[in-house]
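One structure is given here, and the rest of the page talks about it.
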Amino acid sequence: MIMPARRRFLRLAVGAALPGVLAGCDRLAGSDALNGMLRSAEFLSQRAQALLTGVDAMAQEFTEDDFADEFRSNGTAMPDSRLYRQLLADQFRTWRLRVGGLVARPAHYSLADLQAMPSRTQITRHDCVEGWSVIGKWTGVPLRQVLSRVQPLSTARYVVFPCADPMDGSDVRAPESTYYESIDLVEANHPQTILAYALNDEPLPVKNGAPLRLRVERQLGYKQAKYLMRIDVVERLDQLRGGKGGYWEDLGYEWYAGI
Ligand SMILES: Nc1nc2c(c(=O)[nH]1)N[C@H]1C(S)=C(S)[C@@H](COP(=O)(O)O)O[C@H]1N2
Ligand SMILES: [Mo]
């Protein structure tokens, strides 16, 4: 009962926010009353979600019989960058995940380093706001494993994921042009939040984000950042790029994309 209504609300919210942004509706966008209303609506839905489900609630997991043979690709299917092409040609042997920002012990990890850490496998449903879903089997290292190694400082609140794929041609007001996403530390420490290197028992395909992607199973498709290059622990999101904490968020999508 609750979930479909929530989804309809989300679709409406995304659908309603985006045309205004794309049309450059400055008068409305600049209105304090409207901004206040939008902010409180998002705040209310986020609070309501947390009250209904709790911070520890698990996303539904499925069985071996449920996952699709093919996990379709959406957004970038092959990053258009020289660096990524080099990393791919080298089978990601020289790729490193750099983890820094507000942490006591910044570090970088090779794919082999990550694969040597305790792993989690989960069969979950991916829901894209464009109106499609697919069930996939993901294996990766829980993000909290990595965070416990680098030790976030007491001021840390969010985890930011810069990706390898440039999104040129977009109108993001940003010094950097790649896809990026962010989640808060509660979501980052959730057991189903993993850095996935395998999909359906195979190495993660390029079209799905090789060598490493985020799976944050209680949120929608656009939060599932592919082609991870870095993890930055930060205190605030409003000074990054477009100020809203993600590529699509900067264009009007909700930051909290709870399903
Ligand atoms: N780096 C990056 N991550 C991304 C995207 C993208 O274009 N680039 N698209 C997002 C969207 S909208 C969806 S639905 C999923 C698609 O994941 P898939 O290609 O594995 O289906 O990735 C998300 N993460
Ligand atoms: Mo999506």
Side-chain angles (χ1 to χ4, degrees), residues 7 10-15 17-18 21-22 59 67-81 83-85 87-88 92 95 97-98 122-140 143 159-172 174 176-183 187 192-232 240-242 244-259:
R7 285 228 193 118
L10 199 66
R11 223 166 267 147
L12 280 174
V14 169
L18 205 55
V21 170
L22 295 180
F67 67 84
D69 294 334
E70 172 70 10
F71 198 102
R72 62 170 281 184
S73 175
N74 199 42
T76 304
M78 168 67 201
D80 184 15
S81 92
L83 171 62
Y84 187 82
R85 281 190 292 274
L87 293 169
L88 177 60
F92 301 111
W95 174 91
L97 180 72
R98 297 187 181 282
Q122 57 203 26
I123 302 174
T124 54
R125 195 189 58 230
H126 175 111
D127 296 319
C128 172
V129 287
E130 289 170 24
W132 55 272
S133 298
V134 59
I135 293 176
K137 178 179 180 181
W138 302 98
T139 300
L143 179 55
V159 183
V160 183
F161 304 89
C163 306
D165 47 332
M167 305 296 283
D168 292 334
S170 73
D171 57 1
V172 181
E176 291 175 274
S177 70
T178 64
Y179 199 94
Y180 78 109
E181 257 305 338
S182 62
I183 56 177
E187 201 73 36
Q192 289 171 315
T193 300
I194 67 172
L195 303 173
Y197 44 74
L199 169 59
N200 297 351
D201 300 315
E202 303 284 346
L204 186 60
V206 168
K207 70 180 179 30
N208 302 109
L212 194 74
R213 82 172 306 167
L214 177 65
R215 291 302 309 175
V216 47
E217 303 292 357
R218 302 186 301 177
Q219 299 201 41
L220 289 166
Y222 61 87
K223 299 301 280 192
Q224 322 297 325
K226 306 194 280 189
Y227 315 113
L228 298 183
M229 298 298 285
R230 266 187 7 240
I231 291 181
D232 299 335
L240 294 171
R241 309 203 192 186
K244 303 291 190 227
Y247 173 76
W248 285 112
E249 288 87 335
D250 287 340
L251 294 169
Y253 280 34
E254 282 185 271
W255 176 76
Y256 184 75
I259 290 171

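Just so you know, ligand 1 is whichever comes first in the structure, and atom 1 is the first atom listed for that ligand.
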Main-chain N/O of Ala198 paired with Glu202 side-chain donor or acceptor, under 3.5 Å: no
Residues Lys207 and Glu70 bridged, charged N to O under 4.0 Å: yes
Would a distance-only check, ignoring hydrogens and angles, find a side-chain to backbone donor-acceptor pair under 3.5 Å from Gln219 to Ala257? yes
To which protein heavy atom is atom 23 (C) of ligand 1 closest, and what is the distance rounded to 0.1 Å? Gly221 O, 3.3 Å
Salt-bridged, Glu254 to Lys223, with N to O below 4.0 Å? no
What is the closest protein heavy atom to atom 10 (C) of ligand 1, and at what distance does it sit? Tyr179 OH, 3.3 Å
Let me confirm one number: the CG-CG distance from Asn208 to Asn74, rounded to the nearest 0.5 Å. 10.5 Å
From Asp250 atom CG to Arg241 atom CZ, the distance as rounded to the nearest 0.5 Å: 8.0 Å
Which of the atoms of ligand 1 are close to Asn74, meaning less than 4.0 Å from one of its heavy atoms? 9 (N), 12 (S), 14 (S), 16 (C), 18 (P), 19 (O), 21 (O)
Output yes when a side-chain donor or acceptor of Thr193 lies under 3.5 Å from a complementary backbone atom of Leu143, and no otherwise. no
Tell me which protein heavy atom sits closest to atom 24 (N) of ligand 1, plus the residue, atom name and distance to 0.1 Å. Gln224 O, 3.0 Å
Under 4.0 Å from a heavy atom of Cys163: give me the atoms of ligand 1 that qualify, with their elements. 1 (N)
State whether the shortest distance between N or O atoms of Asp165 and N or O atoms of ligand 1 falls below 3.5 angstrom. yes
Using a 4.0 Å heavy-atom threshold (strictly under), name the region of Phe71 that reaches ligand 1: side chain, backbone, both or neither. side chain
Heavy atom of Trp132, distance to ligand 1 below 4.0 Å: yes
Short N/O distance, under 3.5 Å, between Trp248 and ligand 1? no
Check Ser73 against ligand 1 and report side chain, backbone, both or neither, counting heavy atoms closer than 4.0 Å. both
Atoms of ligand 1 less than 4.0 Å from Tyr227 heavy atoms? 1 (N)
For ligand 1, which atoms sit closer than 4.0 Å to a heavy atom of Gly75? 7 (O)
Looking only at protein heavy atoms, which one is nearest to atom 7 (O) of ligand 1, and how far off is it? Thr76 N, 3.0 Å
Give the ring-plane orientation class for Trp132 versus Phe71, where under 30° counts as parallel, over 60° as perpendicular and anything between as tilted. perpendicular
Residue Cys128 vicinity, atoms of ligand 1 by number, heavy atom under 4.0 Å: 14 (S)
Taking Lys137 first and then Asp201, would you say they form a salt bridge - that is, a charged N and a carboxylate O separated by under 4.0 Å? yes
For the side chain of Gln192 and the backbone of Ala59, is there at least one donor-acceptor N/O pair under 3.5 Å apart? yes
Those atoms of ligand 1 less than 4.0 Å from some heavy atom in Lys207: 19 (O)
Taking non-hydrogen atoms only, is Lys226 closer than 4.0 angstrom to ligand 1 via side chain, backbone, both or neither? both
With ring centroids as reference points, do Tyr227 and Tyr84 lie under 6.0 angstrom apart? yes
To which of Met229, Arg213, His126 does the heavy atom nearest atom 22 (O) of ligand 1 belong? Arg213
Around atom 21 (O) of ligand 1, find the nearest protein heavy atom and jot down its residue, atom name and distance. Arg72 O, 2.6 Å
